[in-house]
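Everything on this sheet refers to the single structure shown next.
Note that ligands are numbered from 1 as they come in the structure, with each ligand's atoms numbered from 1 the same way.
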Amino acid sequence: MQTQIDQYTAEVNAFHPANADELEAFRIKYLGTKGLIKDLFEQFKSTTPEEKRTLGKVLNQFKQLTEARYNELKERFESEVSNSKSDIDLTLPGEGFTVGSRHPLQLVRNEIIDIFKRLGFVVAEDREIEDDRHNFSALNFPPEHPARDMQDTFFIEKNGHNDVALRTHTSSVQVRMMEQGQPPFRAIMPGRVYRNEAISARAHCFFHQVEGLYVDENVSFADLKQTLFHFVQELYGDGTQVRFRPSYFPFTEPSAEMDISCTICKGAGCNMCKYSGWVEILGCGMVDPNVLENCGIDSEKYTGFAFGMGIERITNLKYVIRDLRLFSENDVRFLRQFKTEVI
Ligand code: DAH
């Protein structure tokens, strides 16, 4: 047994593994549960007490030597692996992240919200699937109004008393808001709306609107004009002119459409403004007393104004985009042009 231990000791001392696999084989051979050292301890049991005295010490020394050798080699391999990692040049510039950009409609929507927030308007949102009451009847639409036709509106359910449809405008959110409380209301309501239109450069089956509503005591048409005038100066810059033309909406009386001086040609005439110098950007008016009453609000005590604008329209004028389809095609070459700082 002594000679065997001597031979193993020489082998262990001479062991120089080329890789971690060889080291592992070494561990299994000597230190494993079925390894040579285990074997030697088995043999040791059947030696005489005389032999035990000397062999015990030798055997333990051999075991310690093998374990120490193994640990030393293992450490060397591990540090070699981590040294090789430091070949990476940490001073090289990193590979920058590709940062996305906000959708132009989202940018303009946020800008509109910011302007009105500064005037004390809150943001309200509501459902896109609406019933007849909130999309039409509470807003004073007569039963035979063309918007109630399948040709103009996407109906989900036609049941003859309270049809269900994709909302055709965000004015429905006015009704939702007013029937839930009492004035004062001062809110803007952005959202997506749907109309049964063939898709072209100038029309789409869905688009986005921002609705505005201000109801309180003594709200007048002058408040409406001043609010919208301020909004336009903020959005398109000081000096942008506005004009109001009489119009008709079932839910406002009186009603108007607001034009601004063409932002592209500054009123000189171009094909964006069809050489008139003016472009229409929104509809507005004083909330019809019938609408207030339909929502449980005393029209003797309260008055209000409302307005509604298409976000696509506002965006087209801001960025000179002439084809509505670009907004929903998700072509990154188009979207990338609106890079903004993303925080
Ligand atoms: N709902 C109208 C539309 O979709 C826009 C509108 C016009 C909203 C006048 C209003 C308003 O609140 O007062 O064309």
Side-chain angles (χ1 to χ4, degrees), residues 109 112 116 121-128 130 132-142 145-149 152-154 165-179 183 185-197 202-216 219-229 231-232 242-260 279-292 294-295 297 299 302-314 316 324:
R109 172 190 184 274
I112 296 171
F116 282 103
F121 283 70
V122 297
V123 177
E125 286 175 308
D126 218 297
R127 67 211 71 186
E128 293 182 6
E130 262 304 359
D132 182 278
R133 167 174 160 76
H134 294 88
N135 197 75
F136 296 124
S137 58
L139 287 163
N140 215 24
F141 277 76
H145 193 282
R148 290 184 141 157
D149 201 290
D152 290 304
T153 299
F154 291 118
L166 294 179
R167 67 179 176 195
T168 60
H169 53 181
T170 43
S171 303
S172 56
V173 187
Q174 283 189 28
V175 180
R176 292 259 167 215
M177 177 168 234
M178 288 195 281
E179 67 187 8
F185 298 112
R186 199 191 291 161
I188 51 163
M189 306 151 221
R192 182 175 280 187
V193 302
Y194 301 84
R195 290 191 196 168
N196 194 356
E197 301 257 6
R202 301 179 61 89
H204 209 295
C205 58
F206 65 77
F207 55 98
H208 301 80
Q209 288 187 332
V210 176
E211 186 82 10
L213 177 72
Y214 184 8
V215 182
D216 204 345
V219 176
S220 71
F221 204 93
D223 298 319
L224 167 63
K225 281 176 92 172
Q226 182 56 35
T227 303
L228 294 178
F229 177 77
F231 163 67
V232 167
V242 302
R243 75 176 184 190
F244 290 80
R245 282 179 292 104
S247 185
Y248 174 78
F249 300 103
F251 34 90
T252 43
E253 182 59 38
S255 306
E257 276 166 321
M258 188 178 85
D259 300 340
I260 59 168
V279 272
E280 183 214 315
I281 65 159
L282 55 79
C284 58
M286 299 307 291
V287 181
D288 193 299
N290 286 340
V291 175
L292 295 174
N294 287 341
C295 299
I297 288 159
S299 63
Y302 296 109
T303 51
F305 68 71
F307 56 88
M309 65 189 104
I311 304 182
E312 277 80 353
R313 183 63 176 266
I314 307 279
N316 290 350
L324 272 180

Exercise for the section: Taking only Lys NZ, Arg NE, NH1 and NH2, and the carboxylate oxygens of Asp or Glu, determine whether Arg176 and Glu130 approach each other closer than 4.0 Å. Expected result: yes
Exercise for the section: Would you please classify the geometry between the Phe121 ring and the Phe305 ring as parallel, tilted or perpendicular, with 30° and 60° separating the classes? Expected result: tilted
Practice task
Measure the shortest side-chain to side-chain distance between Phe141 and Phe251 over non-hydrogen atoms and say whether it is less than 4.5 angstrom.
Solution key: yes
Fill in the blank from the handout: Taking only non-hydrogen atoms of Thr252 and a 4.0 Å limit, the atoms of ligand 1 in range are 13 (O)
Completion exercise
Of Arg195, Met286, Glu257, Met258, the one whose closest heavy atom lies nearest atom 14 (O) of ligand 1 is Arg195
Handout entry: Element-labelled atoms of ligand 1 that are located less than 4.0 Å from some non-hydrogen atom of Gln209
Key = 3 (C), 4 (O)
Exercise for the section: State, without any angle test, whether Gln174 and His134 hold a side-chain donor-acceptor pair at a distance under 3.5 Å. Expected result: no
Exercise for the section: For Gln209 and His169, test the side chains for any donor-to-acceptor distance below 3.5 angstrom and give the result as yes or no. Expected result: no
Practice task
Assess whether side-chain contact (heavy atoms from CB on, under 4.5 Å) is satisfied between Arg186 and Val122, documenting all intermediate values.
Solution key: CA-CA 6 Å; Arg186 199 191 291 161; Val122 297; over 6 Å; no
Exercise for the section: Could you check atom 11 (C) of ligand 1 against the protein and tell me its nearest heavy-atom contact, residue, atom and distance included? Expected result: Phe251 CE1, 3.4 Å
Exercise for the section: May I ask you to check whether Ser171 has an N/O atom sitting below 3.5 Å from an N/O atom of ligand 1? Expected result: yes
Exercise for the section: Check whether any heavy atom of Gln174 sits under 4.0 Å from an atom of ligand 1. Expected result: yes
Practice task
May I ask which of Ala306, Ser172, Gly283, Gly310 has a heavy atom nearer to atom 9 (C) of ligand 1 than the others do?
Solution key: Gly283
Fill in the blank from the handout: In ligand 1, the atoms that come under 4.0 Å of a heavy atom of Gly285 are 13 (O)
Practice task
Please determine, by modelled atom types, if Asp126 and Ser172 share a side-chain donor-acceptor pair under 3.5 angstrom.
Solution key: no
Problem - atom 12 (O) of ligand 1: nearest protein contact (heavy atom, Å) - result: Glu211 OE2, 2.6 Å
Exercise for the section: Check each heavy atom of Phe307 against ligand 1 and say whether those closer than 4.0 Å belong to the side chain, the backbone, both or neither. Expected result: backbone
